[in-house]
Amino acid sequence: MTNLLEKALLMGFGIFVLTIFLSMINPFIIQISEFNRTIENDIIAYESFFNEVDIAVKFIIENPDAIYLREIDYPKNLNVTFDDFYVKYDFLIENKLNYKIYEYNKPFINHFYRNLSTTTFILNVSCFQNFIAVYFN
């Protein structure tokens, strides 16, 4: 009988210690999950922006007489460069500068977008004398 009592006491003490440990570590787990969620949201915003611009440019390459207009959310800490056949994106994730470069088979009118505010712009893509023009209005 004492053997069962000892096991029950040890099990109860183990559950008690585990409960105290989890209550002490819980705030740190919450902070880590919130930090990861903000990084994921930033990455999703950047990828969404890149994909929307890519779709617009490909649409204009296939339909040079058309004009592509669409509202787009400009993410924070993003710089965009349209130069020759390339679109270069500079963006910050965790205070580290990252680059993403897309190459196309038609040249762009050179444009540099630096330190734009994080608002909604109208993405305006068109073809002008065999050059692709991209504007954020």
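Heavy-atom basis, side chains included; hydrogens, waters and symmetry copies ignored. This structure is a prediction, so every number in the text was calculated from the model and none was measured.
With values rounded to the nearest 0.5 angstrom, Tyr74 atom OH is found 4.5 Å from Leu116 atom CG. Of the inter-residue distances, the one linking His111 atom NE2 with Ile132 atom CD1 reads 13.0 Å to the nearest 0.5 angstrom. Taking CD of Glu103 as the start and CG of Asp84 as the end, the distance is 10.5 Å to the nearest 0.5 Å.
Nearest heavy atoms, Leu123 versus Ala56: CD2-CB, 3.8 Å. Taking both residues in full, the closest heavy atoms of Ala66 and Ile60 are given as O-CD1, 3.4 Å, listed atom of the first, atom of the second, then distance. Residues Ile67 and Ser126 share a closest heavy-atom pair of CG1-CB, 4.1 Å.
Hydrophobic clustering, with ILVMFWY side chains joined whenever heavy atoms are under 4.5 angstrom apart, keeps Phe82 apart from Leu69. Taking hydrophobic clusters as Ile, Leu, Val, Met, Phe, Trp and Tyr residues chained together by side-chain heavy-atom distances below 4.5 Å, Val57 does not share a cluster with Tyr86. Both Val80 and Ile55 sit in one connected hydrophobic cluster of ILVMFWY residues. Membership requires side-chain heavy atoms under 4.5 Å apart, directly or through other members. When the side chains of ILVMFWY residues are joined at heavy-atom separations under 4.5 Å, either directly or via intervening members, Leu97 and Ile93 end up in two distinct hydrophobic clusters. A continuous path of ILVMFWY side-chain contacts below 4.5 Å connects Tyr135 to Val87, so both sit in one hydrophobic cluster.
The side chain to side chain donor-acceptor pair (under 3.5 Å) test applied to Thr81 returns Arg114, not counting sequence neighbours. By the side chain to side chain donor-acceptor pair (under 3.5 Å) test, Thr120 pairs with Asp73, sequence neighbours left out. In terms of the side chain to side chain donor-acceptor pair (under 3.5 Å) criterion, Asn63 has no residue partners (sequence neighbours excluded).
Between Tyr113 and Phe136, the ring center distance clears the sub-6.0 Å criterion.
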key: Tyr99 and Phe91: CA distance, side-chain angles, deciding distance, ring-ring contact (aromatic ring centres under 6.0 Å, His included) verdict   = CA-CA 7 Å; Tyr99 301 99; Phe91 54 98; 8.2 Å; no
inquiry  = Assess the residue pair Tyr104 and Phe108 against the criterion (ring-ring contact (aromatic ring centres under 6.0 Å, His included)); give the C-alpha distance rounded to whole Å, side-chain angles, the decisive distance to 0.1 Å, and a yes or no.
reply    = CA-CA 9 Å; Tyr104 298 97; Phe108 290 94; 5.6 Å; yes
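Within a 6.0 Å sphere centred on CZ of Phe59, other residues, nucleotides and ligands contribute more than 12 heavy atoms.
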Under 3.5 Å, which donor-acceptor pairs link side chains of residues 39-51 to any protein atom two or more places apart or in another chain?
from: Asn41; atom 1: ND2; to: Arg37; atom 2: O; distance (Å): 3.4
from: Tyr46; atom 1: OH; to: Lys76; atom 2: O; distance (Å): 2.7
from: Tyr46; atom 1: OH; to: Leu92; atom 2: O; distance (Å): 3.2
from: Glu47; atom 1: OE2; to: Lys100; atom 2: NZ; distance (Å): 3.1
from: Asn51; atom 1: ND2; to: Glu47; atom 2: O; distance (Å): 3.2

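Within the structure, ring-ring contact (aromatic ring centres under 6.0 Å, His included) contacts touching residues 9-29 (residues at least two apart or in different chains) do not occur. Applying the salt bridge (charged side-chain N to carboxylate O under 4.0 Å, His left out) test to pairs two or more places apart or on separate chains, none has a residue in residues 12-21.
When side chains are defined from C-beta on, Phe85 does not count as touching Asn105, because their heavy atoms never get closer than 4.5 Å. Counting heavy atoms from C-beta on, the side chains of Asp83 and Lys88 never come closer than 4.5 Å. In this structure, the side chains of Asn124 and Val134 stay at 4.5 Å or more apart for every pair of heavy atoms. You'll find the side chain of Glu52 reaches within 4.5 Å of the side chain of Tyr68, heavy atoms only. Between Asn26 and Leu22 there is no side-chain heavy-atom pair separated by less than 4.5 Å. Side-chain contact check for Ile122 versus Ile72: every heavy-atom pair is 4.5 Å or farther apart.
Listed for the Asn137 side chain is no donor-acceptor partner under 3.5 Å among the backbone atoms of Phe121. Formation of a donor-acceptor pair under 3.5 Å by the Asp90 side chain with backbone atoms of Leu78 is not found in this model.
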